[in-house]
Amino acid sequence: MSPRVLAAATLSFAIGMALPAHAQAQQERLTPTEIEAMAKGGAGAGTSGVAGIRTTVLLGDPTAAGPYTIEIRVPAHTRIEAHAHRDSRTAVVVSGTWYFGYGKTAEEARVKALPPGSFYTEPADDPHFALTREQPAIVYISGWGPTDTRYTAKP
């Protein structure tokens, strides 16, 4: 299975797991070309606010109650300090290598290299951090809003 197919399948699973039993997801089909053409923004609800990261809302509204999925495009050599979100989230690495760790402080020794097709969780109120090295990364993050971002120390 190709990394893109695995990532899409994992994203589908993640969105399904994020929905309460009574909720219905809206129908949505987006090709990579369609996603590329969507509006990209900087910081938004549930993002790190780090300069250079581009965010696209793929589904829902992260500021409102309900399911959402965002895409983050993270440039090479970017560091996101330890922070947490009020909602539990799941994520899939679509491209690049994403270095992700858990803890109240961002420590290089605690990151795990996550290549395309990797899956990880961001449990509610559980501090975590991430970085890129020589290559950029694209990550899809899904949760049940509203979401936020609270740094454990000033970034």
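- Residue D125 is tested with K104, R150, R86 for a salt bridge (Lys or Arg N to Asp or Glu O under 4.0 Å); the sole match is R150.
- A donor-acceptor pair under 3.5 Å is formed between the side chain of H85 and the backbone N or O of D148.
- For E34, the side-chain contact (heavy atoms from CB on, under 4.5 Å) test picks out L30, T31, with sequence neighbours left out.
- Applying the side-chain hydrogen bond (donor to acceptor under 3.5 Å, both in side chains) criterion to D61, with sequence neighbours excluded, gives T63.
- Distance alone, capped at 3.5 Å, is enough to place a donor-acceptor pair between the R79 side chain and the A106 backbone.
- Here the CD1-CD1 distance, from I70 to I141, works out to 4.5 Å after rounding to the nearest 0.5 Å.
- Of the possible donor and acceptor atoms, none in the side chain of H77 sits under 3.5 Å from a partner among the backbone N and O of P75.
- Taking the six-membered ring for Trp and the full ring otherwise, the centers of F129 and H83 sit at least 6.0 Å from each other.
- Hydrophobic clustering places V74 together with Y151 (ILVMFWY residues linked when any side-chain heavy atoms are closer than 4.5 Å, directly or through intermediates).
- A donor-acceptor pair under 3.5 Å is absent between the side-chain atoms of S88 and the main chain of P123, judged by distance alone.
- Partners of E107 by side-chain contact (heavy atoms from CB on, under 4.5 Å), not counting sequence neighbours, listed by chain and number: T105, R110.
- No continuous path of ILVMFWY side-chain contacts below 4.5 Å connects Y102 to Y99, so the two sit in separate hydrophobic clusters.
- Under the 3.5 Å distance criterion, the side-chain polar atoms of S142 are left unmatched by any main-chain donor or acceptor of T69.
- A salt bridge links E36 and R73; the closest N-O separation between the charged side-chain nitrogens and carboxylate oxygens is under 4.0 Å.
- To the nearest 0.5 Å, atom CG of residue L131 and atom OG1 of residue T78 are 9.0 Å apart.
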